Structure formats: structure tokens, C-alpha cells
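Here the structure is laid out as C-alpha cells; the discussion comes afterwards.
Keep in mind it's a predicted model, so treat the numbers as computed, not measured. Throughout, a chain's letter reflects where its sequence line sits, starting with A, and its residues are numbered from 1.
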Protein chains: 2
Amino acid sequence: MNGSPTAAGEAESLRRREASWYEKPSFTVELVIFTVRDQRLQVLLIKRAEPPAKGCWALPGGFLDPCRDESVEACAVRKLVEEAGVRAPYLEQLKTYGSRDRDPRGWIVTTVYFALMASDSVRLGGNQEAVRWAPVRGDGVTFELAFDHARILADAVERLRSKLEYTHIAVHLLPEEFTLPELQRTYEIILQQSLDKSSFRRRVAQADMLEEIPGKLRDGSGRPARLYRFRDYDRQTFFPRSISRHAR
Amino acid sequence: MNGSPTAAGEAESLRRREASWYEKPSFTVELVIFTVRDQRLQVLLIKRAEPPAKGCWALPGGFLDPCRDESVEACAVRKLVEEAGVRAPYLEQLKTYGSRDRDPRGWIVTTVYFALMASDSVRLGGNQEAVRWAPVRGDGVTFELAFDHARILADAVERLRSKLEYTHIAVHLLPEEFTLPELQRTYEIILQQSLDKSSFRRRVAQADMLEEIPGKLRDGSGRPARLYRFRDYDRQTFFPRSISRHAR
DNA sequence: TCTTTTAGTTGCGCAATACAACTATTATGC
DNA sequence: GCATAATAGTTGTATTGCGCAACTAAAAGA
């Protein structure tokens, strides 16, 4: 964007800006799409149809198109629609990965987004056999992934878990209407530990993020649970414990 | 990295990968370098010597060099040395910004890193008049910045504040040896609120991140304060309160 | 109607916290 | 030297929040 303050740096930067032979790194966008199905956290993968790593499972994504894409985020939204056939449940930038050795084709910079969606809202697009949901065990899947995608997935899982600690994003993994036991089970599946019922409900109530849907109930084998809807898609903070609490 | 699953998408992606006329977006790295000086949070800015936005203050940074830079992070480290003349106090990836309209030259993708450093460790490189520390008021500086840098700075300030809530990173804004009152004042300056002394010290003690430097004291106008050193540069977690606490 | 199953609430003991008051150690002015 | 100011650091305590377990509630099915 701008040169370094040294004269040499400026000259070099200027040369690069104007020289058409200057080789830019390639730029791609990839997605880590999570859902919870069959009592497991799952991630959407695509079988690569072209080399390199042909036949390997990989995260969906591809090259940014400066003509069609208004922004990196718009590119991610476009790929979300193309790959998973969904609109915009929850999309957040995860991190950008870029180095000389992560792809045999050379210098590639990749900005990774992670998305959350309810499993029932997914309509997988395109060739069904080249797309799959893979259950997450520990910090990744049980088989090999192309390129550095195992590392990326591990980072995404870690981010998901840590955001669960202090935000409400788990609601985006459920359908629009859900029960508190379902919400708690979602937390437990992802965090891989059971939570205390009364403490969980106290937190949810304190945060005041859900509104009850009057009258409606969802029934299973026991007493039916009340239905709730997520109220505020903008607010994110959840946790009453932070260092600001020391303020006086 | 790979094409979409549809036949049309694959063909298009293949064409792009192989066609040399395909125009990639430009890629740059920029830095938000924070320090605390004169009881204020300050950010390092550079006066642009070239158009566009010539003469405007902007965040330091520049184009990635695929020949010299091993990775995006290595590029950030290089620019940190070039611009601020420091090694590696604390460097973290903030976010990637990319859209058609953020720079008049066209599609530019920028990965922004934010760095923390002690003000006494800074040796500003190059032309002194083109480099300055600017105090942060609210979520930015009091004057205009080039491009979308005001937005980027606001995001960086927000990230810094929120990380202060649950990590130790404020220690990187202080010299290697510091006192607890200095550390607390650093938190207060950035969070813009006063904190309770005994609670603050309890937290620091619980986290067990500092080691006392025996004997040494730093004296001001009253009783001298004990000196401490940061122990562990790797660990990050700070906060005992999280939803995992509901586990049983 | 009795048992099972799941939902949802209540009450209590323990532990963490906020707040305030206290002690400690230096410099400074008389 | 002694009182005072200034800052560092500790201690005590009322309150709050939390984990835990026991309880009630509402459905299905035998």
C-alpha cells in the first residue's frame, strides 16, 4: 500500500507497483463449514477433481475473481452458495495463510472463513459424490486432507470452541426454533464435556438472547421442551466475567 | 485452491489457474504498531511519500515480495524491522481486508498484523519527519488516515481491548522489567477505566505469569514497587471464568 | 395408575469477588 | 528526627455467583 520510509525501500516499492512483470502471489478463499449432525460436529469437504492433490479431500474454496467479487467476504459468500447451497447463516473470517511452500504451484495466499449452519438447512450443490460431511474427532478428521488443510481445520475447531466459551454462536448450528436442551447438547457435543443444567440455563437467561415462542412445544420421549428463537444476530458478548468487572 | 463442484465452476477455475492473463489482486501487508507513551495508547503512522494519498498519514506496510518473503508472517516481521527498527516483541494477525474500492489503484488484498512494544525499545528507522506516534482517542486518531486505515485501526483497538480482558498481552507494552502498579496502569490506560487493586493483583497472582526479581525495586515518589519479569511468552490464557466451568 | 423419561426449578454450601480499611516503606519539609 | 505526604502492598468482610443435588412437572407407555 505504501513504501517503507527508507529511500531504497521506496524505490523498490515504487518499482514493484509500476512494473508489470512483478509477480503477485495467487489469492484464494477457503471455507470451513461446520454443522452438528448425528450428535457430532461435522465439517464439509470436497474431493479434488484436478491436480495437485487430485482425489484428496479438501476444504471448499477457490480463486478470488476480481471481476465478479466486490470483496473478499463477498467471494466467501459466493463460494458458500456454490459449494453448500446456503445463504448466510453465520460467516466469520478465521485467518489468512500464506507461504511459499503450502502449495506445489507456488506462492498462494488464502483467506479462510468459517461458517456455521443448521444441518437441515444444507442443500449440497453439484456432484454428490465429491462432497461429504466428515465428523470431527479431537481437532480434525480421521483421514488426510490436501495441502495444509488439516492445520487450517485444527485452527477453525479451536476458534469455534473458544468462541463458544464466551459467545452465542452455537445458536447458528441449530434450526431457527430450538429448545434449551438441544442448545445445551450442541455445546456439549462441541466442547466434548457435559455441562450443568441449572448453570447453563442461568447463563442463557442472564444473557437475554432468546425469546420464547409462546405455546409451541417440541416433544420427544419425555416432557416436551419449550421452543425458543434467537433474538439478536448482532450482539456477540455473552460472558459476565471479564477484567472490566474490576472497575469501580 | 480447488474448483467448485459444478462442471461450469471447474472449467472456469481451471481456465483461471492456467491462463496467464488472469488478473490477480495485489497483496500487501500492513501493521498496527501500538505502544503506551505519556500515559496514552499510541499508534505508529507513516506519512505517504507517493500518490495515492500522498502526504496523508497511514499505517506502515507494503507489498509482499514472493522472492524475499517465506510467508505472510515473515513479511510482517520484515516490515516491522524496516519501519520501526524492532525485532519481535509481540505480533499477531489481525484481519484481512480486500475489496475493489479500498484503493484507487484497484483490487488490493491487505493482511493486517498488530504489534505491541515497549516505547523505550523503539528506534524509529529512516526519515524521522515521515514517522510519528499518534495518541489513540476512543477508537482512533484525531485526524484523517489514508484509505480505509481508520476502520482498520478501529478494529485493531477493539481487538487489543478485548484481548486485554482475557490474556496477558499488556506485558508486551512494558519494558522487560516492570512493577505491578505499572502493569495495572497500562490496563487502565487502554481500557479507559480504573481497576480495583486487590482484585487485579489476585488475578495476576493466580495466573502465575510473572516472576519477581529478587531485591530489585523501582522508586518513585512513595514506597518503591517490586520489579517483575514476564515468565512465559507462549501461554496465553488468563481467565478462570468460562463456560467450561460448568463441567462436572 | 404406576413407571419411565425428559424438562424445568429451587435451595444451599462453598468459593470467588468487590470494596474498603489497613499496614508498609520511601521521600520531603520543618 | 519527626510529622506528613505519597505510593505500595495486604487483610478482612459482606455479597455474589456458581456447582451440585434434590425437587417438581409433564408427557408416554405398560
Integer-rounded Å distance: [N] [atom2] and [X] [atom1]:
| X | N | atom1 | atom2 | result |
| --- | --- | --- | --- | --- |
| A/Gln206 | D/dC18 | CD | C1' | 10 Å |
| A/Leu180 | C/dT6 | CG | C1' | 13 Å |
| A/Lys216 | C/dA7 | NZ | P | 19 Å |
| A/Arg201 | C/dA7 | CZ | P | 8 Å |
| B/Leu195 | C/dC19 | CG | P | 11 Å |
| B/Arg202 | D/dG9 | CZ | P | 17 Å |
| B/Asp196 | C/dA18 | CG | P | 7 Å |
| B/Lys197 | D/dT11 | NZ | P | 13 Å |

Give a yes/no answer on whether the side chain of [X] brings an N or O atom under 4.0 Å of OP1 or OP2 in [N].
| X | N | answer |
| --- | --- | --- |
| A/Gln184 | C/dT6 | no |
| A/Arg226 | C/dT9 | yes |
| A/Arg185 | C/dA7 | yes |
| A/Ser199 | D/dG19 | yes |

(request) Identify, between B/Leu217 and B/Ser198, the residue whose nearest nucleotide on DNA chain C lies closer to the 5' end. (result) B/Ser198

(request) Any chance you could lay out the ring pair (Phe, Tyr, Trp, His ring centres under 6.0 Å) test for A/Phe178 and A/Tyr228, step after step, and finish with the verdict? (result) CA-CA 5 Å; A/Phe178 54 88; A/Tyr228 292 86; 7.4 Å; no

(message) Under a 4.0 Å threshold between the charged nitrogen and the carboxylate oxygen, would B/Arg159 count as salt-bridged to B/Glu92?
(response)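 Salt bridge flag = yes for B/Arg159 with B/Glu92.
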
(message) Walk me through whether B/Arg218 and B/Glu182 qualify under salt bridge (charged side-chain N to carboxylate O under 4.0 Å, His left out).
(response) CA-CA 10 Å; B/Arg218 181 169 294 173; B/Glu182 283 167 357; 2.8 Å; yes

(request) Could you work out which one of C/dA7, D/dT10, C/dT26 sits closest to the side chain of A/Pro181? (result) C/dA7

(message) Heavy atoms from C-beta onward define the side chain here; which of C/dA7, C/dA18, D/dA26 lies closest to that of A/Ala225?
(response) C/dA7

(message) Within the 4.0 Å limit for protein heavy atoms, which parts of nucleotides 1-6 of chain D are touched? Write it as a string from 5' to 3', B for base, S for sugar-phosphate only, - for none.
(response) -----B

(message) Less than 6.0 angstrom from the centroid, inside 45 degrees of the normal: does B/Arg132 satisfy that with respect to the ring of B/Trp57?
(response) yes

Quick one: closest heavy-atom pair of [X] and [Y], and the distance?
| X | Y | answer |
| --- | --- | --- |
| B/Ser194 | B/Glu188 | CA-OE2, 3.5 Å |
| B/Glu73 | B/Leu91 | O-CD2, 4.5 Å |
| B/Leu173 | B/Phe34 | CD2-O, 3.7 Å |
| B/Pro175 | B/Ala118 | N-CB, 3.7 Å |

(request) Take the C1' atoms of the five end pairs on each side of the helix from C/dT1-D/dA30 to C/dC30-D/dG1, get both axes, and report the angle to 10 degrees. (result)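 The helix from C/dT1-D/dA30 to C/dC30-D/dG1 shows an end-to-end axis angle of 10°.
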
(request) Measure from the side-chain N and O atoms of A/Gln184 to the backbone N and O of A/Leu195, and report whether any donor-acceptor pair falls under 3.5 Å. (result) yes

(request) Evaluate the criterion side chain to side chain donor-acceptor pair (under 3.5 Å) for residue pair B/Ser71 and A/Arg102; output intermediate values, then yes/no. (result) CA-CA 10 Å; B/Ser71 66; A/Arg102 54 188 295 274; over 6 Å; no

